[in-house]
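Here's the structure, in structure tokens; my notes come after.
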2 protein chains.
Amino acid sequence: MIGMTHAHTAMERSRLVAEAERLCAERGESLTPLRRRVLELLIEQPGPAKAYDLLAALGSEAGPAKPPTIYRALEFLMRLGLAHRIESLNAFVACDVGACARSTIFLICDNCGRAEEFDAGHALVDLGEAAAKDGFEIRRTMIEATGLCADCRKAA
Amino acid sequence: MIGMTHAHTAMERSRLVAEAERLCAERGESLTPLRRRVLELLIEQPGPAKAYDLLAALGSEAGPAKPPTIYRALEFLMRLGLAHRIESLNAFVACDVGACARSTIFLICDNCGRAEEFDAGHALVDLGEAAAKDGFEIRRTMIEATGLCADCRKAA
DNA sequence: ACGTTACACGTTACAAGATAACATTTCAGC
DNA sequence: GCTGAAATGTTATCTTGTAACGTGTAACGT
Ligand SMILES: [Zn+2]
Ligand SMILES: [Zn+2]
Ligand SMILES: [Zn+2]
Ligand SMILES: [Zn+2]
């Protein structure tokens with residue numbers, strides 16, 4: 001179900017979309033109406049969105065859109081770093097910090113289901129160095145931590 | 001396809017299984033023939049194994065086993081930390097370092113597909129501290145990094 | 001203007017991954 | 001032997017993701 005609450009203010013939302021426009025222009029890619037609509041849907045979500053829920057939300061009177069529609073749009077957005085896939089949830093989120101192409105860190109609340117995109121400072125560097133000692137060259141790192149968010153901790 | 005090569009020597013394999021026996025005894029859980037067989041299958045794999053490939057490998061003349069069979073065994077093994085799920089691959093591996101229940105780090109080679117379980121030292125601690133500053137209490141962390149393993153780097 | 005190419009998007013069909021619900025077996029403890 | 005809990009078997013279904021091919025459209029060189 002695609003909810004009514006919003007994770008971002010209207011101002012933040014338009015900032016994110018404007019930022020996406022700028023990035024696409026810079027890269028010579030086009031943020032078509034469909035892609036833009038999917039990005040907006042993602043931004044409006046209070047938390048990670050499932051592909052088939054997005055499909056339903058995209059749909060018209062003619063019924064929900066077909067799977068390739070949404071997966072292609074998501075692939076595009078992810079290629080530019082405008083959206084991320086949360087592997088442990090099979091769900092997608094709009095990038096909250098500005099087009100991370102290589103590595104992402106999410107803190108996922110077990111209680112409310114929200115996913116907070118996070119900048120871990122040195123954690124990534126340390127991991128890269130540790131892996132290098134082992135001969136492994138990291139290209140991309142995905143970190144998904146689960147636990148309790150600040151709000152849910154207060155509530156409990 | 002479940003291959004013929006082995007990621008572990010026979011000695012390592014029996015050590016891992018013996019370790020699993022010990023852990024189950026300690027926890028009052030039982031490593032039934034089925035669960036043990038699935039663990040052995042995982043250990044024999046050269047890399048992450050897909051659930052349906054394990055099913056086929058489990059199968060008898062009566063055809064492949066049914067999905068719940070393998071998913072239940074995997075759930076058990078994962079609950080004890082004897083197996084891990086690699087989210088970005090929808091695949092499973094035997095634990096290589098001894099029953100990690102809370103957090104795992106994998107280095108996944110884009111070229112050969114192998115997944116190396118890894119101990120990242122301070123990376124996890126740093127992440128936990130950084131998240132705590134944000135009010136988030138981490139319970140479990142999953143890290144999946146992709147890149148080139150030492151072998152594939154040499155080959156290239 | 002015309003064909004060509006590249007790209008986005010539509011549509012159908014299917015593959016792959018996972019679980020719900022209920023039946024059956026097994027075996028320890030009474 | 002009976003009973004209850006845990007493990008396993010079985011059927012059906014659900015969710016998630018892709019392959020393959022067709023259609024529309026705009027830019028490009030001729
Ligand atoms: Zn991001
Ligand atoms: Zn929460
Ligand atoms: Zn482990
Ligand atoms: Zn490799």
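Proteins get letters first, then strands, A, B, ... in listed order; numbering begins at 1 in each. Keep in mind that the numbers below use all heavy atoms, side chains included, and drop hydrogens, waters and symmetry copies.
The 5' end of DNA chain C is approached more closely, in terms of each residue's nearest nucleotide, by A/T69 than by the other of B/P67 and A/T69.
In terms of heavy atoms, A/F92 sits closest to A/A51 at CE1-CB, 4.0 Å. Contact record, B/C95 with B/G81: CB-O, 3.3 Å, taken as the closest heavy-atom pair. Taking both residues in full, the closest heavy atoms of B/Y52 and B/P67 are given as OH-CG, 3.4 Å, listed atom of the first, atom of the second, then distance. Annotation for B/F136 and A/T146: closest pair CE2-C, 4.0 Å, computed over non-hydrogen atoms. Minimum heavy-atom separation, B/L89 to B/K50: O-NZ, 2.9 Å.
Residues A/E144 and A/S88 have side chains that bring a donor and an acceptor to within less than 3.5 angstrom of each other. A/N90 and A/R85 are linked by a side-chain donor-acceptor pair at a separation below 3.5 angstrom, with hydrogens and angles left out of the test. Side chains of B/H84 and B/D96: no donor on one and acceptor on the other come within 3.5 Å.
Remark: P of C/dA16 and CG of B/L89 are 16 Å apart, rounded to the nearest angstrom. In this structure, the CG atom of B/L55 is 13 Å from the P atom of C/dA16, given to the nearest Å. For the pair B/I70 CD1 and C/dA16 P, the interatomic distance rounds to 17 Å; values are reported in whole Å. Regarding B/F92, its CZ atom lies at a distance of 12 Å from the C1' atom of C/dA16, rounded to whole Å. Residue B/Y71 contributes atom OH, which lies 7 Å from atom P of C/dG17 at whole-angstrom precision.
Taking SG from B/C24 and CZ from B/R35, the interatomic distance works out to 8.0 Å, rounded to the nearest 0.5 Å. In this structure, B/L82 CG and B/L77 CG are separated by 6.0 Å, a value rounded to the nearest 0.5 Å.
Within 6.0 Å of CZ in A/R102 there are 12 or fewer heavy atoms belonging to other residues, nucleotides or ligands.
The footprint of chain B on DNA chain D, defined by a heavy-atom cutoff below 4.0 Å, extends from D/dA7 to D/dT11.
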Identify the pairs formed between an N or O of the protein and an N or O of nucleotides 23-30 of chain C at a distance under 3.5 Å, and give each distance.
none

Hey, what are the protein-to-nucleotides 4-6 of chain C N/O distances that come in under 3.5 Å?
none

Open item on the list: Could you write out DNA chain D as dot-bracket? Rules: Watson-Crick or G-U wobble, both distances under 3.5 Å, brackets [ ] for crossings, | for pairs with another strand, dot for unpaired.
Closed with: ||||||||||||||||||||||||||||||
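Under the 4.0 Å criterion applied to side-chain N and carboxylate O atoms, B/R15 and B/E12 are not assigned as salt-bridge partners. Taking a cutoff of 4.0 Å between a charged side-chain nitrogen and a carboxylate oxygen, B/R22 and B/E26 qualify as a salt bridge. Salt-bridge annotation for B/R13 and B/E40: absent, with no side-chain N of the basic residue lying under 4.0 Å from a carboxylate O of the acidic one.
Looking only at side-chain heavy atoms (C-beta outward), A/L148 and A/C109 come within less than 4.5 Å of each other. When side chains are defined from C-beta on, B/D126 counts as touching A/D126, because their heavy atoms get closer than 4.5 Å.
Listed by residue number, the members of residues 72-85 of chain A with any heavy atom below 4.0 angstrom from DNA chain C are A/R72. Heavy-atom distances under 4.0 Å link DNA chain D to B/T32, B/L34, B/R35 of residues 18-36 of chain B, given in residue order.
Hydrophobic clustering keeps B/F106 apart from A/I138 (ILVMFWY residues linked when any side-chain heavy atoms are closer than 4.5 Å, directly or through intermediates).
Neither OP1 nor OP2 of C/dA16 sits under 4.0 Å from any side-chain N or O of B/Y52.
A side chain to side chain contact (heavy atoms under 4.5 Å, CB included) with B/V93 is found for one member of B/T104, B/I43, B/I86 and no other, namely B/I86.
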